[in-house]
> 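This is the structure I want to talk about, given as structure tokens.
Counting from 1, the numbers follow the sequence of the chain as shown.
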Amino acid sequence: MNILLTALSGGGTSAVSDGTYWAPYYIGGGILLLLLAMVWAVMSFGKGREHS
């Protein structure tokens with residue numbers, strides 16, 4: 001929330017031009033990909049496929 005308020009009060013250019021606020025997006029994207037890979041692995045190799 002603080003990052004959003006800083007970007008809004010600074011006109012939206014001061015926080016974006018630094019390039020320091022992209023790390024949470026990369027971390028979140030990596031976690032999302034990891035979770036999707038885990039779901040795929042459980043569905044592919046986990047127990048419970050004997051009924052399909």
> By the rule that ILVMFWY residues connect when side-chain heavy atoms come within less than 4.5 angstrom, directly or transitively, which residues belong alongside Leu33?
none

> Are Leu35 and Met43 co-members of a hydrophobic cluster defined by side-chain heavy atoms under 4.5 Å apart?
no

> Any pair with a residue in residues 29-41 that passes side-chain hydrogen bond (donor to acceptor under 3.5 Å, both in side chains), sequence neighbours left out, goes on the list, sorted by first then second residue, please.
Trp40-Ser44

